[in-house]
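Everything below concerns the one structure shown next.
Heads up: numbering here begins at 1 and tracks the sequence.
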Amino acid sequence: MKYPKMTAEEAADLIKNGDTLSFSGFTAAGTPREVPAALARRAKREHAKGREFKVDLFTGAVTNDGLDDALAKAHAVGRRMPFNGSSVMRSAINSGEVNYFDMHLSVVGQYVRYGFLGKVDFCIIEAVDLNDKGEIVLSGGVGCVDTYSQVCEKIIVELNHAYDVRIRGIHDIYTPASPPHRREIPIYEPSDRIGSPVLKVDPKKIVAVVDCNYRYNVKPFTPVDEVTAQLGRNVAQFLTDEYLSGRIPPEFLPLQSGVGNISNAILHSLQEAPEIPPFKLYTEVLQDQVIELIDMGRCTFASSGSLALSDEVYDKVMSNIEFYKQHIILRPYELSNHPEIVRRLGIIAINTALEADIFGNVNSTHVMGTKMMNGVGGAADFARNAYISVFICPSVAKGGSISAIVPYVSHLDSSEHSVMILITEQGVADLRGKNPRQRAETIIENCAHPSYRPLLRQYLHLMDGTDGHTPMSLSKAFSFHEEFMKSGDMHNVRF
């Protein structure tokens, strides 16, 4: 079957005001760039003529500047889900211009298939190859494209010639059946392959193929500083202690780690933890540090949804791709984050918090309770089902004027019932088997910055002598946040 070849501008002209667009990819890896950028230019032209032009965006997660940045700057977005990493889009979300709804990544695919979020008009897919049977070789990121391509009415393919077709075989594309016909997902080891190496779509849906040549331009993470290095050491020491105590099996268990500088520091510390045996990863996103761990033999296999690698490391992987195919698999995040698999494999989940309170509740998404940062992503998918659930964060922010350990979180994403371990650069709080007051004492003593411990202890004792299971003062619960909004420094709180 011969597909229509178009420029990005011609493909963008197929899209109508009010359409819902879905995209392949997970992070910048695998996310289309040229068509959304052309669509943003078209939106600006339409607006200049006084005509309304907005589309809804369903993405894998974080995208690239050609998608979120460009369309947000063009004021061309109505709805947006499930996760955002663009500062421009973030401003539009927090101003109310964009109707953003945050979702646990593991349920995005099924919500779309069930029709909960309405119809999907287009799926725009980055590919490195395709044939006349509708078999598409994806590039470095999968996201939710298996579902989006099934339910959409039309498909536009960006055929990206900057990446090598030899990546074929690294993907494992599989979509669970819908209830009441759903069976178990037969993944029993991170290395198990259960689906197709290619994305199979209805070739009649493909209305345009756009030839492209662009790199993801993922920047390497900033060097590890002393705070993130100490955080990493604390995590590695905790896992070492758990392992040596027998609470982790002798063969160890697969790890999941979030994305960013802190997670990179943790992986670096695990590289240097001699008591921990070689391990596997079952996670959302692979960063540069994972490739180094594979090269060293410290990581024996990594299952993920994305190769979020710097250009230099991506080229290194492609130069020896047959080796890395034996150690890496890329799946839709409905599989990489699926609670059934997380529980079965016994994943040790390590995720980042914006703030945590003294009772163990975690805020992953909102600054001061109101301003969306990025989204919950997959953190709770793993935390609620993990063998061990760990949340990490530096104890302070903004030069010390913000305590990341507060009396009560300003927004709750993972409750105390999903948080077993809290770790900052100050130390480790093991919350397992503790009541609320015991958790509070443990977190204050081990995780809070020393300059905030007296204030947190004062808060904890406000309710002394009163009945109740949790010593929480309703009138003072947000005193740290209110003080920061008033004076710019949580240290100024007075009870």
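Counting only distance, with no hydrogens or angles, the side chain of T466 and the backbone of M463 share a donor-acceptor pair below 3.5 Å. No donor-acceptor distance shorter than 3.5 angstrom exists from the side chain of E126 to the backbone of N160, with no hydrogens or angles considered. Counting only distance, with no hydrogens or angles, the side chain of H327 and the backbone of T300 share a donor-acceptor pair below 3.5 Å. A distance-only check finds no donor-acceptor pair linking the side chain of T31 to the backbone of G25 [under 3.5 Å]. Side-chain atoms of R343 do not come within 3.5 Å of backbone N or O of P339 as any donor-acceptor pair.
Contacts classified as salt bridge (charged side-chain N to carboxylate O under 4.0 Å, His left out) and involving residues 396-417 (residues at least two apart or in different chains) are given here: E416-R439. Pairs passing the salt bridge (charged side-chain N to carboxylate O under 4.0 Å, His left out) check and including a residue from residues 244-259, sequence neighbours excluded, read E242-R247.
Summarising the geometry of D146 relative to Y174, their closest heavy-atom pair is OD2-O, 3.6 Å, with the distance given to 0.1 Å. Smallest separation of non-hydrogen atoms from A29 and L307: CB-O, 3.5 Å. Residues V342 and N385 share a closest heavy-atom pair of CG1-O, 3.6 Å. Among all heavy-atom pairs drawn from V419 and L431, the shortest one is O-CD1, 3.9 Å.
Taking the six-membered ring where tryptophan is involved, the planes of Y163 and Y216 are essentially parallel, since the angle between them stays under 30° and well short of 60°. Note: H449 and Y452 have perpendicular aromatic rings, judged against thresholds of 30 and 60 degrees for the angle between ring planes. Note: F101 and F58 have perpendicular aromatic rings, judged against thresholds of 30 and 60 degrees for the angle between ring planes.
In this view, D467 satisfies the salt bridge (Lys or Arg N to Asp or Glu O under 4.0 Å) rule with no residue, not counting sequence neighbours.
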* Would H366 and S410 count as a side-chain hydrogen bond (donor to acceptor under 3.5 Å, both in side chains) if you check the C-alpha gap in whole Å, the side-chain angles of each, and the deciding distance to 0.1 Å? -> CA-CA 8 Å; H366 283 73; S410 58; over 6 Å; no
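Other residues, nucleotides and ligands contribute over 12 non-hydrogen atoms within 6.0 Å of the CD atom of E226.
E441 and K434 are not joined by a salt bridge, as no carboxylate oxygen comes within less than 4.0 angstrom of a charged side-chain nitrogen. Between R437 and D464, at least one side-chain nitrogen of the basic residue sits less than 4.0 Å from a carboxylate oxygen of the acidic one, meeting the salt-bridge criterion.
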